Amino acid sequence: MHSYTLLAPAKINLYLEIVGDRPDGFHELVMVMQTVALCDRITLRPNGLQEFRLFCHHPLVPQDSSNLAHRAATLMAREFPRIFANYGGIDISIDKYIPVAAGLAGGSTNAAAVLVGIDLIWELGLTRPELETLAARLGSDTSFCVTGGTVICTGRGEILDPIAPLTGLWVILAKYDHLSVSTPWAYQSYRQKFQDTYLSSPEEFHHRRQQVSSGALVQAIAQKKPAAIGKFIHNDLEKVVLPEFTLVAELRQVLGDLGGLGTMMSGSGPTVFTLCSSQEVAETIVKEAREILVAPDLQFWIAPITDTGIQVT
Ligand SMILES: C[C@](O)(CO)[C@H](O)COP(=O)(O)OP(=O)(O)OC[C@H]1O[C@@H](n2ccc(N)nc2=O)[C@H](O)[C@@H]1O
Ligand SMILES: Nc1ncnc2c1ncn2[C@@H]1O[C@H](COP(=O)(O)OP(=O)(O)OP(=O)(O)O)[C@@H](O)[C@H]1O
């Protein structure tokens, strides 16, 4: 049996609109998700035991069965009990490069990589849609992470409509090390504040989804117009996160004022991203931002936008 090393990339939300409440307690969303080439490295080694073991040295990442990557492995064992009994367990090692609890789907992409990797090790031959369906049982962002690229994500986030890939752009990611935002808190706060604006029927959800699919951002992506893409990015969760986390609001303002194509918070934050036309532009903006915002724990990453999802190396 082979060992595999996989690269699991982060995501940003180019568009996130909260459309309404769902019977399952989650929110109905219309999003445009985008893969970014900032990757965690996941190594999977068959261990000959009847258990999964997880190794990760990051202080904020759990090493037990609550880790999303471990949960992904357990899900596979439950789905394929006989194959698990034959092939045995796996040691999962995670080298973390994606900031944790940052709105970049770090845990979700690790889980997606484990699904893809176990499919290979156990020679299951699962299709992409089968892997996406399994992934949806682990979280709302996980199905997207299996595939990656540029995708309209609706429902809870798990219904995927890939669109023309967005390539040639770069992104700055900026995050204060000491700040993290709880995703449930962000959605609950949004519900408390904006529930009266929610659409309520599946027909209304469908109509809104169609509008976004043919709307300004998706057209700008299809026509490869970077300035328009930057203009039409949007995130409803900013309305609750930015007033509460003033450092994030300030960071967003400073980065936005320094140029780039557009600046926005990713997901439930607190990472702020700026789309840039080139690596050089991104480097200049980061240099200037560092001069304005003198904070030892403010970190920047520069990475290309990519259409490559999980990679097996
Ligand atoms: C903010 C985003 O990252 C944007 O891509 C996602 O919507 C969140 O995705 P995720 O972290 O995979 O979220 P999950 O682990 O499925 O859910 C975490 C919590 O977020 C809230 N949640 C999430 C997704 C959704 N469509 N509606 C919600 O209300 C729920 O309170 C849920 O308990
Ligand atoms: N493999 C993992 N990598 C990172 N965090 C994990 C992992 N497994 C569990 N966690 C826990 O999940 C929480 C959220 O971390 P994660 O990095 O996935 O957040 P996020 O980027 O905000 O996710 P999303 O954008 O999907 O909402 C953290 O508090 C962390 O302890």
Side-chain angles (χ1 to χ4, degrees), residues 6 8-36 38-42 52 54-74 92-115 135-146 151-160 173 175 179-192 194-195 198 205 234-238 240-241 248 264-271 273:
L6 300 102
K11 62 84 176 159
I12 53 173
N13 301 83
L14 296 175
Y15 188 90
L16 191 163
E17 182 180 337
I18 299 175
V19 177
D21 259 330
R22 293 163 54 94
D24 59 10
F26 281 69
H27 284 88
E28 189 74 18
L29 305 174
V30 183
M31 302 192 286
V32 178
M33 304 258 257
Q34 174 62 54
T35 304
V36 172
L38 171 66
C39 299
D40 288 341
R41 207 179 163 83
I42 318 284
F52 299 104
L54 192 129
F55 305 90
C56 180
H57 295 304
H58 194 294
L60 298 178
V61 175
Q63 292 225 45
D64 56 15
S65 58
S66 69
N67 191 298
L68 215 48
H70 196 287
R71 287 180 45 212
T74 305
I92 304 165
S93 304
I94 305 177
D95 295 326
K96 210 74 201 156
Y97 299 98
I98 302 171
V100 176
L104 300 173
S108 306
T109 192
N110 293 175
V114 167
L115 296 182
R137 289 162 59 181
L138 295 163
S140 306
D141 280 344
T142 324
S143 302
F144 165 77
C145 292
V146 166
V151 181
I152 299 175
C153 301
T154 52
R156 198 162 55 91
E158 85 290 10
I159 302 172
L160 311 181
L173 303 171
K175 180 182 179 290
L179 284 186
S180 60
V181 177
S182 148
T183 304
W185 170 84
Y187 278 105
Q188 276 154 31
S189 306
Y190 193 90
R191 181 183 281 123
Q192 275 168 19
F194 296 108
Q195 199 168 25
Y198 286 7
F205 295 165
H234 173 82
N235 183 352
D236 269 345
L237 288 172
E238 284 197 335
V240 288
V241 177
V248 182
M264 184 70 36
M265 187 181 80
S266 182
S268 52
T271 301
F273 70 85

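Whatever order the structure lists ligands and atoms in, that order sets their numbers, starting from 1. In this text, all values refer to a predicted model and were calculated from it rather than measured experimentally.
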Report task. Would you mind listing which atoms of ligand 2 come within a distance below 4.0 Å of any non-hydrogen atom of L60? Result -> 30 (C), 31 (O)
Query - Shortest reach to atom 25 (O) of ligand 2 by a heavy atom, considering only G267, A105, G139 - result: A105
Requested in this report: Under 4.0 Å, heavy atoms only, figure out whether ligand 2 is touched by the backbone of I98, its side chain, both or neither.
Outcome: neither
Requested in this report: Could you list the atoms of ligand 2 found under 4.0 angstrom from a heavy atom of N110?
Outcome: 1 (N), 2 (C), 3 (N)
**Report entry** Residue list, salt bridge (charged side-chain N to carboxylate O under 4.0 Å, His left out) with K11, at least two apart or on another chain
**Finding:** D141
Distances for all N or O pairs of ligand 1 and the protein under 3.5 Å?
{"residue": "ligand 1", "atom": "3 (O)", "partner": "K11", "partner atom": "NZ", "Å": "3.3"}
{"residue": "ligand 1", "atom": "3 (O)", "partner": "D141", "partner atom": "OD2", "Å": "2.7"}
{"residue": "ligand 1", "atom": "5 (O)", "partner": "K11", "partner atom": "NZ", "Å": "3.3"}
{"residue": "ligand 1", "atom": "5 (O)", "partner": "N13", "partner atom": "ND2", "Å": "3.0"}
{"residue": "ligand 1", "atom": "5 (O)", "partner": "D141", "partner atom": "OD1", "Å": "2.8"}
{"residue": "ligand 1", "atom": "5 (O)", "partner": "D141", "partner atom": "OD2", "Å": "3.4"}
{"residue": "ligand 1", "atom": "7 (O)", "partner": "Y187", "partner atom": "OH", "Å": "2.5"}
{"residue": "ligand 1", "atom": "9 (O)", "partner": "D141", "partner atom": "OD2", "Å": "3.2"}
{"residue": "ligand 1", "atom": "12 (O)", "partner": "S140", "partner atom": "N", "Å": "3.1"}
{"residue": "ligand 1", "atom": "12 (O)", "partner": "D141", "partner atom": "N", "Å": "3.1"}
{"residue": "ligand 1", "atom": "16 (O)", "partner": "S140", "partner atom": "N", "Å": "2.9"}
{"residue": "ligand 1", "atom": "16 (O)", "partner": "S140", "partner atom": "OG", "Å": "2.6"}
{"residue": "ligand 1", "atom": "26 (N)", "partner": "H27", "partner atom": "O", "Å": "2.9"}
{"residue": "ligand 1", "atom": "26 (N)", "partner": "R156", "partner atom": "O", "Å": "2.9"}
{"residue": "ligand 1", "atom": "27 (N)", "partner": "H27", "partner atom": "N", "Å": "2.8"}
{"residue": "ligand 1", "atom": "29 (O)", "partner": "H27", "partner atom": "N", "Å": "3.4"}
{"residue": "ligand 1", "atom": "29 (O)", "partner": "H27", "partner atom": "ND1", "Å": "2.8"}

Report task. Would you mind finding which of G269, G103, A101 brings a heavy atom closest to atom 17 (O) of ligand 2? Result -> A101
Report task. Under 4.0 Å, heavy atoms only, figure out whether ligand 2 is touched by the backbone of K11, its side chain, both or neither. Result -> side chain
Query raised in the report: Counting both backbone and side chain atoms, is some N or O of P62 under 3.5 Å from an N or O of ligand 2?
Result: no
Contacts under 3.5 angstrom, residues 56-65 side chains, donor-acceptor by atom type, not counting sequence neighbours:
{"residue": "H58", "atom": "ND1", "partner": "L60", "partner atom": "N", "Å": "3.0"}
{"residue": "Q63", "atom": "OE1", "partner": "C56", "partner atom": "N", "Å": "3.2"}
{"residue": "Q63", "atom": "NE2", "partner": "C56", "partner atom": "O", "Å": "2.9"}
{"residue": "D64", "atom": "OD1", "partner": "S66", "partner atom": "N", "Å": "3.0"}
{"residue": "D64", "atom": "OD1", "partner": "S66", "partner atom": "OG", "Å": "2.6"}

Query - Contact with ligand 2 for H58, non-hydrogen, under 4.0 angstrom - result: no
Query raised in the report: Short N/O distance, under 3.5 Å, between L104 and ligand 2?
Result: yes
Report task. Would you please name every residue forming a side-chain contact (heavy atoms from CB on, under 4.5 Å) with R41, sequence neighbours left out? Result -> T5, L7, D95, Y97
**Report entry** atom 13 (C) of ligand 2 protein-contacted, heavy-atom criterion under 4.0 angstrom
**Finding:** no
